[in-house]
Amino acid sequence: MTRSRFVAGLILGGLVLTSSGCSDTFNAGPLEYVSAVTLTQDVPGKTNLAGKQPLQDKVRAALAGLFGDSPQRIRVPEGSGLPGGGIYLASYKLEGDGANARRKRIYRPRADGTPDPSRPQAGGYAIYRRNCLHCHGVSGAGDGPTAPYLFPIPRDFRQGLFKFTSTPNGARPHRDDLRRTIKNGLHGTSMPAFHALLSADEIEQVIDYVIFLSMRGETELMLIEEAGTADENDPDALEEEVVKELADGVFNKWKTAQEQVMNPSIARTPATRESILRGRDLFLGRTKEKLECAGCHGMLAQGDGASFVSKEVFDSIVFGGNPSERAARLSALDEKTRTLWTQKLDVWGNPLRPANLNRGDYKGGRRPIDIYWRIAKGINGAQMPAHDSTINERQIWDLVNFVLALPYEPELLTEAGNEPQRAKLADTATAR
Amino acid sequence: MHEPESHEGAPGVTAPGPESDPGHDHIHPAPGWFLTRYIFASDHKVIGIQFLFSGLIFFLVGGMLAMALRWQLAWPWKPMPILSRLLWAEPSLGYQMPPEFYNKLFTMHATIMIFFVIIPLLTGGFGNFLIPLMIGARDMAFPKLNMLSYWFMPPAMVLITYSFFVEGGSAEAGWTSYPPLAFARWATPGSLNGQTLWLLSLLFAGISSILGSINYITTIVMLRAPGMKLFRMPMTVWAMFITAILQAFALPVLTSALIMQTLDRVAGTNFFSPVGLTVANAPPVVGGGGPILYQHLFWFYSHPAVYVMILPAMGMVSDIIATFSRKPLFGYKPMVCAIAGIAGLGFIVWGHHMFQSGMNPALGATFMMSTMLIALPSAIKVFNWLGTMWGGRIQFTAAMLNAVGFVSMFIIGGLSGIFMAASPVDIHIHDTYFIVGHIHYVLFGGSTFAIFAAIHYWFPKIFGRMMNERLGMIHFFLTFIFFNGTFYLMHIVGMHGHPRRIADPTVYSYLQGAGVIGMNQFMTVNAFLLGFTQLIFVFNFLYSLAAGPKASENPWHANTLEWTTSSPPAHYNFERIPVVLHAPYEYSVPGVDEDFLPQTKPFPGGQRLEPAHS
Amino acid sequence: MRNWSILFALAAIASVAAFLYAPFSADWWLPNPPDQTHHVISAFGREIDNLFLIILFITGAVFIGTQVVLVYSSYKFVDEMDEHGKPKRAATYSHGNNRLEVIWTIIPGAILVFLAVYQVGTWASIKFRSAAPRVAPLAEITARQFQWVIRYPGPDGRLNSPDDLVVVNDFHFVKNKQTLIYLKSSDVLHSFYLPHLRIKQDAVPGLTIPVWFDSDTAGSFEIACAELCGWGHYKMRGKVTIHETETDFQRWVSDQLTEQNKSQLTMTAGAEGR
């Protein structure tokens with residue numbers, strides 16, 4: 001079963017029409033994936049296939065061969081490592097080929113593993129479509145209809161990168177990381193907590209589908225990258241083995257990440273006064289490690305550090321008018337600010353803002369271990385770097401204790417012990 | 001159309017009254033130029049027709065929005081007919097309606113139906129057309145102001161339509177537009193740009209109504225024909241009069257609330273924002289205002305607005321029921337007092353919309369008392385309509401059917417209001433479908449049936465042609481059935497706790513039962529049938545307009561003054577200003593050959609007739 | 001012409017029938033636990049339902065009365081012509097009846113005043129702040145787009161201290177115990193609606209509103225958001241768990257605190273990854 005290769009035809013699960021009796025296709029056309037920008041457009045500094053029609057077609061064909069040609073016809077490639085060989089993605093399974101293909105309903109398993117005919121499975125696709133699509137888009141590109149109006153902008157899954165993970169910086173997330181994000185949401189963003197909206201096994205199905213979209217997106221980028229090195233009319237470009245090798249590379253990243261969760265070797269230091277103050281000193285860069293936390297998060301940890309553009313500039317770009325006119329607002333900035341702005345984008349090209357640590361909203365979770373991960377391994381794709389090579393675990397725990405105490409004791413950063421910073425603060429305040 | 005010069009022998013000219021002969025007033029000829037005659041017209045009849053047409057067009061728009069939102073409630077997230085292919089065909093959208101679009105649907109449905117259909121149709125359309133004719137005046141007191149009042153509407157209509165096409169789309173904070181959702185630009189896509197246009201649009205619509213109401217009050221006070229004492233005015237005129245007073249006093253409050261919210265959005269004021277408020281990570285505002293203040297201001301207008309939408313309907317239905325029961329209106333003066341009572345109490349009940357808002361609960365207790373009391377005049381009116389029908393000779397024309405439908409449905413709408421007035425019960429049913437059912441029984445079952453009744457009744461007078469009675473009856477029959485099918489079960493799902501304004505009720509497990517889903521689908525099917533039924537009306541209206549049989553002066557044998565002049569009336573309404581001799585509802589008077597006695601026709605024996613009691 | 005009265009009669013009969021059928025159906029009637037359709041789980045719920053029923057009976061009687069008159073008159077008093085095209089019967093010439101007007105003003109007026117007065121007590125006990133139970137608040141619930149952030153006091157028993165338990169969309173309290181919460185909003189208006197407990201209160205940014213209730217039944221219920229709060233309004237569902245005993249509740253709190261204070265993966269919890 002797990003090794004079997006199948007194509008699953010989909011119908012929106014759980015939404016069976018009773019009286020109108022029409023299927024999706026009655027009111028909607030065929031669905032298609034959004035291709036990566038670099039497939040058809042010239043993006044400076046990135047490998048792209050603009051104008052190279054034969055190679056574009058090859059990439060499309062290779063992708064369709066691996067993942068299916070439309071969101072409604074899912075194909076799960078061999079070796080994807082998705083649970084059950086991808087059986088949880090769909091509500092129907094196609095058996096046989098071509099004209100002989102027969103659709104078979106997929107049922108949720110009983111305790112003993114046999115299918116339970118009273119519990120048809122909705123499948124990750126249908127649950128995603130219903131709950132996630134309007135922000136994350138059909139292809140997981142973060143381009144749903146609601147997305148432009150949100151900040152932070154919904155995640156584009158197609159690079160395989162997810163911000164709040166427990167694996168080393170740049171690695172794929174552990175399945176638990178995705179589960180936590182979906183269940184608890186991301187505080188301070190528009191990502192809702194789905195544990196009150198979906199059942200545990202529905203969440204598992206969505207995780208499968210997110211991983212599927214992410215693998216598909218990353219494979220697409222890999223294929224473009226590979227095809228970019230080939231000659232336009234080379235008939236041997238992207239031949240089957242190459243495609244398979246690329247895809248396996250993508251799958252393996254996910255597989256290895258499952259073994260790479262960072263587990264602190266020592267438990268959290270008790271949040272004593274001393275520990276908190278040590279954490280403060282680390283934050284303010286007063287230790288020999290010279291951490292630059294305040295450079296981004298600001299002297300008062302309000303997310304207004306000097307390395308980023310000022311809050312006013314940021315607000316005027318992001319919230320100063322229509323989302324479609326952000327580029328125009330950006331071009332109105334002076335050269336220096338604009339350069340700084342472009343330096344402080346995340347890998348998806350979206351604006352970033354360092355966290356205001358006084359609010360007590362922790363996007364990646366409020367558990368000590370969550371904050372440990374943020375500090376130790378950074379935030380993928382964002383400007384928050386990994387610190388596990390700079391400071392030791394004990395110091396990380398001191399910082400964690402400081403961060404957790406700050407919302408309740410903002411005076412930690414304003415109190416008399418901070419005289420050297422006072423003057424600086426006054427400057428920032430007047431500048432604001 | 002009569003030549004203005006021909007004074008002699010024109011139909012509808014009444015015998016001059018004994019005390020004076022005001023019929024020699026100078027008569028202005030109708031403007032000859034097309035533009036001033038039909039477009040920038042100052043003639044109250046043309047303006048009334050302008051309001052009528054624009055209201056009916058927006059009625060279709062509002063109805064289609066309603067069908068789209070019913071689709072989503074019955075089959076959440078299923079691709080919609082037509083709309084899905086039209087709006088969400090881009091690959092990234094996958095034919096799926098985004099949830100904010102649902103919010104736009106109900107926001108714009110309510111806004112359009114209230115501010116662009118019912119109020120303009122009732123006060124703008126029928127108020128304009130009927131008031132001068134029914135009191136025997138040649139036009140409104142301020143014809144140019146009247147023209148201005150209509151021409152404030154097109155900018156409002158353009159703005160509200162345009163708002164669908166701006167970035168973020170139209171407003172989606174509900175027709176109540178509560179802050180902070182409405183003024184915080186990043187709170188939801190529709191609050192980005194659409195809300196500003198919504199506010200401006202409503203400002204224009206509101207100014208239109210204020211101008212209209214000033215005109216109505218002045219006209220009714222100053223321009224009544226000789227003998228048209230206040231207590232000889234038809235109920236329609238009384239209702240329009242009191243409605244105008246309501247609007248004149250309540251609308252400035254809404255206008256100021258709208259301006260304050262506009263300033264909060266565009267000028268950085270903080271009338272309605274608490275200190276340091278930040279929504280959806282947008283920069284915080286200074287704050288210092290209160291969100292609840294807006295609710296007070298809004299409902300100070302919008303509760304009376306409910307009566308603005310029902311009082312004229314009540315007035316017109318009173319006239320129609322009396323005419324087709326061939327019987328004097330039962331309890332004319334109590335009816336007038338009831339309307340005045342509704343208007344008076346209407347100003348002190350707004351807080352019942354805010355029982356759960358966080359307003360001081362002690363205030364809620366007093367609002368409960370006043371709200372309970374406002375049910376009383378409504379009850380009196382129902383009893384009097386039934387009293388009018390009792391012992392009459394009821395002629396079920398299409399107009400009468402719609403009027404009786406109004407009474408029957410208004411009873412439901414009125415009684416369901418008592419549940420909401422009771423503040424403890426309101427805790428449970430507030431913001432559920434119970435209130436949606438209630439408002440539709442009042443505004444569709446009530447106002448809209450009255451509008452249908454009035455269109456069938458006055459169509460001959462307005463356009464000089466008769467509407468097809470059979471089609472009218474079929475339309476009423478189907479509308480009545482599908483209306484009940486659409487809205488009645490809303491009380492039940494509301495009682496079961498189905499919140500209003502949620503895009504997907506199946507999110508909640510207590511709403512996942514087969515009963516609730518079944519009811520939602522049943523209501524949707526009925527809503528679509530109700531929508532398609534209106535095509536019969538559209539056809540009947542347009543066909544009769546073009547090819548209906550010519551109407552006589554007084555096809556229904558009614559008594560009020562508009563039926564004493566030609567159909568359609570000449571530009572100057574009356575050859576001679578009529579002299580009113582008695583009350584408007586003298587039907588089946590013993591000793592009179594015919595079963596009606598127009599207000600201008602003397603009672604046999606020369607005696608004056610007044611309502612039988614004070 | 002007479003047949004039209006049948007249409008009006010049918011509408012009235014269907015209306016009454018819907019409410020007669022409702023109590024026999026699980027999801028036509030007021031929201032109650034799925035297996036106990038007629039068991040309201042909170043004291044306020046019982047009071048509110050009783051008031052609802054009283055109003056339903058009174059309005060039902062008025063509805064039936066008026067509809068009977070309406071249907072009867074539209075049947076009985078329909079215009080009929082004889083063979084000469086003359087009406088068979090003349091309409092009564094009457095302008096009304098003062099005595100009737102007085103009767104049908106005073107009786108409904110008295111009923112309405114009675115209803116209002118009769119309800120004030122319940123209203124006061126649910127909403128007046130003076131009626132709030134003298135207990136420590138169980139939690140502070142802050143609504144934001146689009147979730148309920150629920151903050152329970154930690155071991156120190158004080159709210160808004162670093163040891164607080166913070167959970168999202170997961171509200172727990174104990175059966176048969178007066179429960180007091182503080183309701184807040186951090187952005188737009190929301191409304192805290194517990195359909196099964198008949199509790200509803202708007203959450204207003206800038207205000208802290210106390211809300212109190214109890215329940216006589218343990219089990220799983222839900223919070224709905226009843227005030228439009230933006231594109232994700234419908235997504236704002238919260239889970240409600242009513243514990244049988246205080247011990248159960250405390251056990252849940254301490255489990256959650258353990259999870260919240262987690263600083264290392266263990267083999268078992270790591271696989272759970274909560």
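Per chain, numbering begins at 1; letters A, B, ... match sequence-line order.
Using a 4.5 Å cut-off on side-chain heavy atoms (C-beta onward), C:Y193 and B:Q356 make no contact. Taking the side chain as every heavy atom from C-beta outward, B:H496 and C:P195 never approach each other to under 4.5 Å. You'll find the side chain of C:E227 reaches within 4.5 Å of the side chain of B:Y178, heavy atoms only. B:V407 has its side chain within reach of C:L70: a pair of non-hydrogen atoms, C-beta onward, lies under 4.5 Å apart. You'll find the side chain of B:I292 reaches within 4.5 Å of the side chain of C:L207, heavy atoms only. At a threshold of 4.5 Å between non-hydrogen side-chain atoms, the residues C:F44 and B:I427 do not count as touching. With a 4.5 Å cut-off on side-chain heavy atoms, C:Y234 and B:P505 do not count as touching. At least one side-chain heavy atom of C:V62 sits less than 4.5 Å from a side-chain heavy atom of B:L415.
Interface remark: C:Q145 contributes side-chain atoms only to the contact with chain B (heavy atom separation under 4.5 Å). Interface remark: C:S25 contributes no atoms to any contact with chain B (heavy atom separation under 4.5 Å). In this structure, chain B has a heavy atom under 4.5 Å from the side chain of C:V204, while its backbone stays farther away. Of the two parts of B:A421, neither the backbone nor the side chain holds a non-hydrogen atom closer than 4.5 Å to a non-hydrogen atom of chain C. For C:S74, the parts sitting under 4.5 Å from any heavy atom of chain B are the backbone and the side chain alike. Using a 4.5 Å cut-off between heavy atoms, B:L329 contacts chain C through its backbone alone, with no side-chain atom that close. Heavy-atom distances place both the backbone and the side chain of B:S423 under 4.5 Å from chain C. Contact of C:A124 with chain B is not made at all, since no heavy-atom distance falls under 4.5 Å. Proximity to chain B involves both the backbone and the side chain of C:S15, based on heavy atoms less than 4.5 angstrom apart. Both the backbone and the side chain of C:L30 have a heavy atom closer than 4.5 Å to some heavy atom of chain B. Looking at B:F106, only its side chain comes within 4.5 Å of chain C, counting heavy atoms on both sides. For C:F221, no part lies near chain B; criterion is any non-hydrogen pair under 4.5 Å. Of the two parts of B:V507, the backbone and the side chain both hold a non-hydrogen atom closer than 4.5 Å to a non-hydrogen atom of chain C. Interface remark: C:A90 contributes backbone atoms only to the contact with chain B (heavy atom separation under 4.5 Å). Interface remark: B:Y488 contributes side-chain atoms only to the contact with chain C (heavy atom separation under 4.5 Å). Neither the backbone nor the side chain of C:L10 comes within contact range of chain B; no heavy atom of the residue lies under 4.5 Å from a heavy atom of that chain. If you measure heavy-atom distances from B:Y508 to chain C, the contacts under 4.5 Å come from both the backbone and the side chain. Contact of B:P377 with chain C is not made at all, since no heavy-atom distance falls under 4.5 Å. B:D595 does not touch chain C: none of its heavy atoms, backbone or side chain, sits under 4.5 Å away. At a 4.5 Å heavy-atom cutoff, the contact between B:P274 and chain C is made by side-chain atoms alone. Using a 4.5 Å cut-off between heavy atoms, B:L401 touches chain C through backbone and side chain atoms alike. Looking at B:S191, there are no atoms closer than 4.5 Å to chain C (heavy atoms on both sides), in backbone or side chain. Of the two parts of B:N384, the backbone and the side chain both hold a non-hydrogen atom closer than 4.5 Å to a non-hydrogen atom of chain C. For a residue to count as touching a neighbouring chain, one of its non-hydrogen atoms must lie under 4.5 Å from one of that chain's; by this rule B:M473 touches chain C with backbone and side chain alike. Interface remark: C:I223 contributes backbone atoms only to the contact with chain B (heavy atom separation under 4.5 Å). Contact annotation for C:E222: only side-chain heavy atoms (C-beta onward) come within less than 4.5 Å of a heavy atom of chain B.
Aromatic pair B:F101/C:W231: ring centres not closer than 6.0 Å. Taking the six-membered ring for Trp and the full ring otherwise, B:F480 and C:F8 have centroids separated by under 6.0 Å. Side-chain rings of B:F355 and C:W123 approach one another, their centers coming within less than 6.0 Å. Less than 6.0 angstrom separates the ring centroid of B:F330 from the ring centroid of C:W104.
For C:A116 against B:M369, the heavy-atom pair with the smallest separation is CB-SD, 3.8 Å. Shortest non-hydrogen contact noted between C:P31 and B:M495 is CD-O, 3.3 Å. The two residues C:L112 and B:A375 come nearest to each other via the heavy atoms CD1-CB, 3.7 Å. Considering all non-hydrogen atoms of both residues, C:S73 and B:I394 come closest at O-CD1, 3.4 Å. Considering every non-hydrogen atom in both B:I429 and C:K200, the closest pair reads C-NZ, 3.9 Å. Taking all atoms of both residues into account, the shortest heavy-atom contact from C:Q201 to B:S357 is NE2-C, 4.0 Å.
Aromatic ring pairs are classed by plane angle as parallel below 30°, tilted from 30° to 60° and perpendicular above 60°; the pair B:H491 and C:F19 is tilted. Relative orientation of the B:F434 and C:F52 rings is perpendicular, given thresholds of 30° and 60° on the angle between their planes.
Remark: B:L376 CG to C:I106 CD1 distance equals 9.5 Å, nearest 0.5 Å. Note that CD of B:E100 and NE2 of C:H233 are 14.5 Å apart. Values are rounded to the nearest 0.5 Å. Put simply, CG on C:L228 and OG1 on B:T188 are 7.5 Å apart, with the number rounded to the nearest 0.5 Å.
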For this session: Start with the C-alpha distance between B:Y510 and C:H196, add both sets of side-chain angles, then the distance that settles ring pair (Phe, Tyr, Trp, His ring centres under 6.0 Å), and finish with yes or no.
Result: CA-CA 9 Å; B:Y510 73 103; C:H196 300 91; 5.5 Å; yes
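Of the possible donor and acceptor atoms, none in the side chain of B:S588 sits under 3.5 Å from a partner among the backbone N and O of C:Y93.
In this structure, B:F477 places its CZ atom where only 12 or fewer heavy-atom neighbours from other residues, nucleotides or ligands lie under 6.0 Å away.
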